[in-house]
Amino acid sequence: MKTYYDPEDLKKFGKIADFQKPLADKFFDYYGAVFQEGALTAREKSLIALAVAHAIQCPYCIDAYTVDTLEKGCDEEQMMEAVHVAAAIRGGASLVHSTQMMNKAKELSM
Amino acid sequence: MKSLKARSNQFSNPEYELEVLESTENEGQLFSDKLANVGLYPLKPTQIEILQINMGKMCNQVCKHCHVDAGPDRKEIMTREVMKACLQVIRQHLVKTVDLTGGAPEMNPDFRWFVEEIRKISPSIKIIVRCNLTIILANPKYHDLPEFYKKHRIEVVSSLPYFTAIKTDSQRGEGVFGKSIKALEMLNEIGYGMPDSGLILNLVYNPAGAFLPAAQSALEDQFKKKLWDLYQIQFNSLFAITNLPISRFLEYLVSSGNYEGYMEKLMEAFNPVAAQNVMCRTTISVGWDGYLYDCDFNQMLDLKVAAQNSQHISTWNQQALTGREIIVRQHCFGCTAGAGSSCGGATS
């Protein structure tokens, strides 16, 4: 193993069933159902997946959902806006905790 | 940008293209084997309903993905003599649909004469023109094309890869999007694409890169909303078409390192229902010089119909053509991937 991440490994995702089939089957059934058209369109779900992929910083997911969003008819501007949503939530999550810092600082200060 | 041919690029040579397509890297799956697995090989026509006529390779645009390798530097153009032979076939064999393509078919000096002659044969023949939109604004002599289309009840099919300038221009050339919107406004103004007008304006989406098109109906909804919200433009239907790996698109795939991945994707997405409905089963494609092909893509790969003594419009033999075997090669995976692809969009 030369690197931890190999793009070719993405194609082997289904192979996780080789070590534990019943759970893999359940997972892939669920996964497939999640991305079906529903109250949200398949396109909207793909954009959410792309944003989440960036939030969790999964290279496989970023690869997969860059292709998927393009194949759902999204353009680069929409894709980047989705990533900004992820960035805003991640950034906001850090910043909103600053209220704790502010509380503590005020508590300790004259 | 010049055409591949003008640049003497090896991808303008059909033999080289076929060599790349048959290369050992794609050894995994042969299209003919895939068809055989679903009982469709050899692939046979169902009924010849559509005559798709390539009126020449001359075009005012040089699109990056063009399978015709069309452009202003291409001089191949259909003569009136070949058109007369086409008219005879249309008349004798009751062709239901005549699909005029190019290049920009309107740049053929006999384009209007040809349309008028087709219309004289029957008022019910469906005449389609694959109009690139910008031709309408390219020269004052083309400004009245919308009225001409209307007069002869021509169905207009136009490429618009996306509803933004950046995506459209990256594929079709600088400034194409703005001119396309203007041309669409002109078509809408005289009734094309408007509800109940009977004047059909369909748009074509094809991906601007090495990926497959989205579901046609979802894309159509998106295009309709965006074009209306942004420009108050209306149209009838959107056809989602897959880019076939030939000519300029093949050259792009190979030079960008996307060839293997794209072919793999097409093969994995093979859809037997789409294979059942491929357009070559109902279409004959006529080249600018009158030679006959199973489709526009086979035409560009110089794969003439496998019908003895009926390879030219002047020697049309309905029986031989209906009984022929359709020539398939690896590029055909493009028409059977996912929801399928044809000049009329998805096929399943």
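Please read all numbers here as calculations on a predicted model, not as lab measurements.
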If you count every heavy atom of other residues, nucleotides or ligands that lies below 6.0 Å from B:K179 atom NZ, does the total exceed 12?
no

Per-residue contact mode, B:P213 against chain A (heavy atom under 4.5 angstrom)
backbone

Is B:L212 in contact with chain A via its backbone, its side chain, both, or neither, using a 4.5 Å heavy-atom distance?
both

Using a strict 4.0 Å threshold on nitrogen-to-oxygen distance, state whether B:E268 and A:K11 make a salt bridge.
no

For the candidates A:K72, A:E37, A:R43, which exhibits the highest count of non-hydrogen atom pairs separated by less than 4.5 Å from chain B?
A:R43

Taking everything shown except A:I89 itself, do over 12 heavy atoms lie less than 6.0 Å from its CD1?
no

Step by step, work out the side chain to side chain contact (heavy atoms under 4.5 Å, CB included) result for A:E77 and B:I166.
CA-CA 10 Å; A:E77 193 181 0; B:I166 190 162; 5.9 Å; no

For the student: nearest non-hydrogen atoms of A:G73 and B:A214, plus distance:
N-CB, 3.6 Å

Within the supplied structure, the quantity of interest is the number of heavy atoms (other residues, nucleotides, ligands) at a distance under 6.0 Å from B:K182 NZ; does it exceed 12?
no

Less than 4.5 Å to any heavy atom of chain A: does that hold for the side chain of B:F211, its backbone, both, or neither?
both

Heavy atoms of other groups near B:E174 CD, more than 12 under 6.0 Å
no

Heavy-atom distances under 4.5 Å only: say whether B:Y205 touches chain A with side chain, backbone, both or neither.
side chain

Would you give the length of the straight line joining atom CD of B:Q222 to atom CD of A:Q78, rounded to the nearest 0.5 angstrom?
6.0 Å

If you draw a 6.0 Å radius around CE in A:M80, do more than 12 non-hydrogen atoms from other residues or ligands fall strictly inside?
no

